Structure formats: structure tokens, C-alpha cells
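Here's the structure, in C-alpha cells; my notes come after.
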Amino acid sequence: MEYLAHISGDLTRTQPLDEHLTNTAKTASQFAAAMGESACAYMIGILHDQGKYRNSWMCYLKKASGYDPSIPDELCERGTHSTAGAAWLLNNMSQPESLLLSYTILGHHAGLPDFYDGCGESLTSRLFEDGILKAGLLEEINFGEVKIPEVVFPSQKIAEMQDEYKHLWVRLIFSSLVDSDYLDTEKFMDNDVNAARGTRATLAQLKERFDSFMESKCASASQTKVNKIRAEILKQCILAARGPAGFYSLTVPTGGGKTLSAMAFALEHALKNNKRRVIMAIPYTSIIEQTAKTYKYGTDDDEKIKIMKERGEFLFGEENVLEHHSNIDPDKELYMNFLASQNWDAPVVVTTNVQLFESLLAAKPSRCRKLHNLAHSVIILDEAQKIPAEYLHPVLSVLKGLVKYFGVTVLFCTATQPALTGQIGSSNTCIEGISGCTEIIKDPVRLYEDLKRVEYMVYKNDINVRSSWEEIAEELKKVSQVLCIVNKRRDCRELMKYMPEGTIQLSGLMCGEEISSIITEIKQLLKEGRPVRVVSTQLIEAGVDLDFPEVWRALAQLDSIVQAAGRANREGRLKDDSGNPRLGRVVVFNPESEPFGEIKIGAQITSSLARKADYFDSLSAGSFNLYFKKFYAEHQKLDKCDYEKLLVDEADCGRFQFRSFAEEFKLIDTSGQKTVFVPFADGEKLICQLREGHPDRRLMCRLQRFSVNIPVCLFNDIYQKGGIEVVNNYYVLNNGFYEPGKGVLMGEFYNYDDHNFIY
């Protein structure tokens, strides 16, 4: 029989199975070389599709594709082609070592399985019966012309690896297999797509561009105090980058030039330590767009970017910076980047914390496909304090595993550095933090003093006294340029009731497209010195490059208050009536609305620390260590998803609950929410396209910019009023329930649990 791996859509070409297995094995071996596991990856590449040698499966493929419709139905049996290779491993190699690799073969289409029955079909149920390997799995294995390589297993790395990180080893090997399998299939089925992946600049070439850009930028910058400090921060980053791979922290107040200085560290460090790419993970999409623009063009100013595009000027260029997040517009993205988002095959990747960590702890092949490209990379965690406390254990564990065994360097970058070293939490929830983290800035305390650009005040001089929204609105009306940040979307709506016409509102009840356009509008108004009052949720408080003379912040976590202060007098340009430099103003107030969750815990700790009148003005880099120690100690659980139980406790036996853990690990809890597409701007046209045909990936990517997550109870209320339409199994909001400038409309007295719906 002729054994095939693939048949082209037009039925004119076939790919021999031997060829596909060999190609996949060779590429997987190359991918796994970065983690020192070429031999293992080559072997599973040869084994992954062994089930396709079954005559009944081959008959199914040829008949179902239309290649040979004359084959009788009784000869065709699809079954599964991924169990044979896994069975061979278990039959020919000792357990539990063989189990580690069998997960990768079983999961190369359906995803990494659980060992025990849990979520989906388990490894045990697929391969064993009464504890013994199912006999029939090996009956029809025929290796054709392909030879199974002899591999000494376990490898030295896995033999020496701590049990805590063995699941990570499986994932990176799995990634090598999945990506090589997908790429070889793509090359055969549509070589034009494969060719469109293109080539990119090396990190050495990008560093040359970066150095030239920074030299020019520093030379042309006015010699203000802020710019001199930024230059010194840059210098310290470059010096520290010459150290060995490991954990580093960059503790710099907002406005200190972290975005460019962190990249300076990453490029210098990558070349000194043979790293392959730079990955920056950021908590908010609003910051990602700004950061990606900076790396692509050297600025996030849209007017300057337009001019630079016309001139053909750039920093790294669009083709070398991969933006990977839900709000990316594929119509404005290079096709090669659209393809690279599948496996992160780019020198610089700017993505979300959600994308990075949910991929590192995923089970689905599409999510895990990129993981092998993390080996020997530099990962920058911007606004590191935003890692949710309830997921701290698994997040820190995978970071430690990447650094210890896979050649990764991690840089924690923030103005409010969390306490992630040593023992973290209370006696009941204690976890082991990272060790040996090198702080780049020589004297962070002095740096905070040198970059002091704001003065704090507590409204009513007592942090425990609550204020009504009407009171706060009256105060905000007295200021022509002011930003007020509140804790919840409902708070935003309540305060807006008392604000004058023209006040700008920002919240997660708006789609990403509108949020981006409003932020651009705010920047322009500030630049022109025109009146602008903004009421916003937390989505604007960290990293967004805004410069207000005055900021008001509802009582919350200490780091949130300080991050919000970074939107005041950011450039240090404020002058008094005599033309002398003056500080910006940050007002902390206790709102009438009760906070919840992590915000409530943080607010309580902040209140307990802020008993002295000058507490906020005396903040320094060291203040946050004490705050975060208390913050983590107050959390009853730093391992919400039972990381130890599902991925560590039985790792010595090769038993993992991959899929069960992945189902539970969600950095942003979307349970109790529904996603709706809204008719804002181009969203209306895209919704029409959704109505007209079947949604493809590109259309759905574009629609993400016009999506809003709303609580189920609000969704049900709008649905009952006829405000939601089901289109191709997606939910679409009618015009009357979305208003530009407000977002999704809620009933005036609508009551729902605001927990987790803060942005």
C-alpha cells in the first residue's frame, strides 16, 4: 500500500508518510537543540504519526479526501493515529521516562492529556487496560523506510531536573514537535504561505540600529534633569547586561525611560550571553500598543510615525517587532507577523502576560506551539507587580524553571517592585520565591528622590473618611486638566453623572478600538494645552504615556496609587506662575464605593500604612517591599489552581494533569462574563461581514478590537430587552445599547456583582 501523510486540496499532489516523518523529526531536532534535547525531539518526530501506517486509516484518508473514492467503506476506519507512537514508547522504553514523551505524541493534535481521568480523554484510558498496555495498539505498526533512532533516555537534563519543572520540559519538547509538524504540513499544502514567513533581522543588527538611534536621541535631547537621569539609567542597564543569565530587576520610577532602557539591557545581554530573542510581556493591551510603536518606530506619537513611514525611517521596523495580543488589527499588520504570531518566530515579541503565562501552562497545541522559542531568550516582565497573587506560585515556578534549565534571563521591570524573593506569603500559604535577583539600579532610593515630580495629599486629610462621588466631582470641576482613576466600571459611571459635559470616560465597557482612539485624543488635548478632564478605570494607570498636572486616585493597592501618580507631571515640565519648576499633584481619596478582591486587600494594607500624614510623600523603592510582603501574606492562597497537586506531586512518576490545570489557569477570570461585539465605527461593517458568511480567523481577529466582556446578568438583561443578536454563534450588541463615549449601556439602577469587572 502507498502510505501518505497529506493529499493536496486539488488532489494532484501527495506527500509520502516517510517524507513527512523525516522532515518533522529533523526540524523538531533543530528546534529542541536550544534546550539540549535534539535526540528526543527527533525520535518523537519519527513516532508521532506512526498510526497512519494502519491500512484502515490510510484507506480512510484516501477515500475521505476524494483521492480514491472507490475504496469500500468497510475498509476505512479513522480512529486515532497518535496512540501508536506513544504505545511504542511505552513498550520499548522504561517507565516513567517513556511517559514523559508519550504525552507529546498523544497530544500533538488534541492537546496534552491528563494522566488520570479528569478533563477530556486521559492518557491512561487511551493506552492502558487494567494497568497493562492495550495489546491492539502495536499490532499494525509498520515503520516503512523510516528507522527509529536509538536514544539514551533519560537525558542528562531530565535526569538532573527537579520534579517541579518536569512538566515544563515536556511542554518545550511538545512545542518542538507541534511547530515542526505544522510547518512541514504547511509547506506541502501551501508553500506560498510558508514562503511568506520571510526572514528578519538578527539581534546583532537590531542592536546596531538601537545604539545608533539612542546615540542620536541622547545627543538631541534637552539637558533637563529628567533627561540626565534617564541617560544614567540607560548607562546602568548596559553595564548590568554584561552579567550572566539569570533574574534581574529594573526598579525605576514612572517616566524614567524604562521602555528603552529595558530594551538596551535585553539586546546587550542577549549578545553577551547568546540569547535568541527578546520577549516583553505587559499586563494591559493599552500599554502594548504604545510599547510596540516605540520599538517599531522609536516613538508612539502617531503624527511622527506617519512622517517616519513616509520617509522610510524606523527603529526596529514593523517586520522585526511581533505584536501578539487580542486587540491587534490584522489589516494593519504585516502578513509575516500574522503568521509569526503562531510560533513567535521573531527577534522581538511584545505580548500580554495572559498570552505568555497561559501558553506556558497550556495544553492545546496552538498555544504551546511557540514555547520552544522561549529557550535562550530574554523575557522582560513590564509592570511585574500586576501578576495576580492567586497565581503567583505557578507563574514564579515556570519562570524559575526557564532560567534554571532553559537558558532564559528574566527582567522584572517596574516602578513598584513586588517582593518576589525568599519566602512569600503567610505560614499557611507560604511559597518559595526566586533567589539571586540582581537589581540593575545602584541606588533605587536616591533615584526615587531625584525623580520626584509629584506631591501627594489625602483628601480630607484622613484616608479612612469616605467621600461621595458628588463631592469628588465638585473638586474635579475646579481643575481644567485632571485625571481621576477609580476601581470599578460602575464607579466610573457613577462619578460621570456629576461631571460637566465634555468630560472623557474610559472603561472596559468600551471596546479596544474606542479606548485606543480616546487615549490618542487625550494625548492631543494635553499636547495642545486644552482643558481635558478624564474619569477612568485602572486600564490607564500603568504605562500609558500621559502627562496631567493633577491626578486623583481612589484608595486601592499602594502600587496602583503610585502607578497612577506616574501620569502626573511625567516629564517634569510644570511651572509655577513665576516660571519656576513645580510638582504635580496627586490626591488620594476614599470613595463611597466598597472595593473587592485584591483591591480591597490592597486598600486595607495601604490604609494601615498611611496613618502618617506624609506617608505617600515619603515613599521610596524600599516602601513597596514591605507593602507586598503584607499583601501576599493576606492572601489565603497563592496557588489557586492547585499547581502542586496537578503538575508537581507525581512528577517523579511522570504523571501530570496537563489539561485539568490548563482549564483552571486563567490570569483574567472571564467566568461569569459574556463577550459581545459592538457596532462602534468599523465594527458595524465587520458585523455585517459576520452576518453574510462563515467567520474566518482574520475576521474574528479584526472583531476582537470591537469586543466587550460584560457580566452574565447584564448580558441577560440586555438580551431580554432585544439588545443582543446571535450571529453565527457569536453575540452582537444592537446599536441602541452601545453609545460612543460611554460604551455598553447599563440600566440606571442596574444591580450586579462587580467582582472581577473592574477595567
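Sequence positions, counted from 1, serve as the residue numbers for this chain. Values in this document were obtained by computation on a predicted structure and should not be read as measured data.
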With rounding to the nearest 0.5 angstrom, report the [atom1] to [atom2] distance, [X] to [Y].
X    : Y    : atom1 : atom2 : answer
I440 : I233 : CD1   : CD1   : 10.5 Å
L546 : L525 : CG    : CG    : 11.0 Å
C511 : N709 : SG    : CG    : 12.0 Å
R446 : S620 : CZ    : OG    : 14.5 Å
N227 : K217 : CG    : NZ    : 8.0 Å
R530 : Q524 : CZ    : CD    : 8.0 Å

Classify the ring geometry between [X] and [Y] as parallel (under 30°), tilted (30 to 60°) or perpendicular (over 60°).
X    : Y    : result
Y627 : F631 : parallel
W469 : F589 : perpendicular
Y248 : H269 : perpendicular

Is any side-chain heavy atom of [X] less than 4.5 Å from a side-chain heavy atom of [Y]?
X    : Y    : result
M263 : M280 : no
E455 : F616 : no
F548 : I522 : yes
V278 : F265 : no
Q538 : I599 : yes
Y297 : I307 : no

Residue list, side chain to side chain contact (heavy atoms under 4.5 Å, CB included) with E232, at least two apart or on another chain: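 So E232 forms a side chain to side chain contact (heavy atoms under 4.5 Å, CB included) with K235, Q236.
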Side chain to side chain contact (heavy atoms under 4.5 Å, CB included) partners for E470, two or more places apart: S468, Y498
Atom of [X], atom of [Y] and distance for their closest heavy-atom approach:
X    : Y    : answer
R493 : L745 : NH1-CA, 4.0 Å
A389 : L638 : O-CD2, 3.3 Å
F314 : G317 : CD1-N, 3.7 Å
A262 : I380 : O-CD1, 3.8 Å
R553 : N487 : NH1-OD1, 2.9 Å
V551 : A568 : CG2-CB, 3.7 Å

Do other residues, nucleotides or ligands put more than 12 heavy atoms under 6.0 Å from the [atom1] atom of [X]?
X    : atom1 : value
R242 : CZ    : yes
K293 : NZ    : yes
K442 : NZ    : no
E528 : CD    : yes

Report yes or no: does [X] contribute a side-chain atom to a donor-acceptor pair with the main-chain N or O of [Y] at less than 3.5 Å?
X    : Y    : value
R533 : L476 : yes
D547 : N569 : yes
S216 : S212 : no
K225 : D450 : yes
S608 : I605 : yes
T606 : A556 : yes
Y295 : N320 : no
R453 : G572 : no
S707 : Q704 : yes
D301 : I305 : no

Side-chain H-bond candidate by donor/acceptor type, Q385 with Q557, under 3.5 Å: no
Short side-chain donor-acceptor distance under 3.5 Å, Q417 and T251: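 Note: T251 and Q417 side chains meet the donor-acceptor criterion.
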Taking NZ, NE, NH1 and NH2 as the nitrogens, is one of them in [X] or [Y] under 4.0 Å from a carboxylate oxygen of the other?
X    : Y    : answer
D545 : R570 : yes
K452 : D617 : yes
K600 : E594 : yes
D302 : K306 : no
K488 : E494 : no

Evaluation steps, side-chain contact (heavy atoms from CB on, under 4.5 Å), between K460 and S467: CA-CA 9 Å; K460 296 183 178 178; S467 301; 3.5 Å; yes
Taking only residues two or more places apart in sequence, or in another chain, which ones meet [X] in a salt bridge (Lys or Arg N to Asp or Glu O under 4.0 Å)?
X    : value
R230 : E571
R585 : E550
D682 : none
K666 : none

Derivation and outcome, side chain to side chain donor-acceptor pair (under 3.5 Å), residues E383 and Q563: CA-CA 9 Å; E383 308 301 349; Q563 290 288 344; 2.9 Å; yes
Chi angles and distances behind the side-chain contact (heavy atoms from CB on, under 4.5 Å) call for E475, E471: CA-CA 7 Å; E475 296 293 338; E471 285 180 85; 5.9 Å; no
For F247, the option from V410, T421, T438 that meets side chain to side chain contact (heavy atoms under 4.5 Å, CB included): V410
Intermediate values then yes/no, side-chain contact (heavy atoms from CB on, under 4.5 Å), H635 and L392: CA-CA 11 Å; H635 276 268; L392 201 60; over 6 Å; no
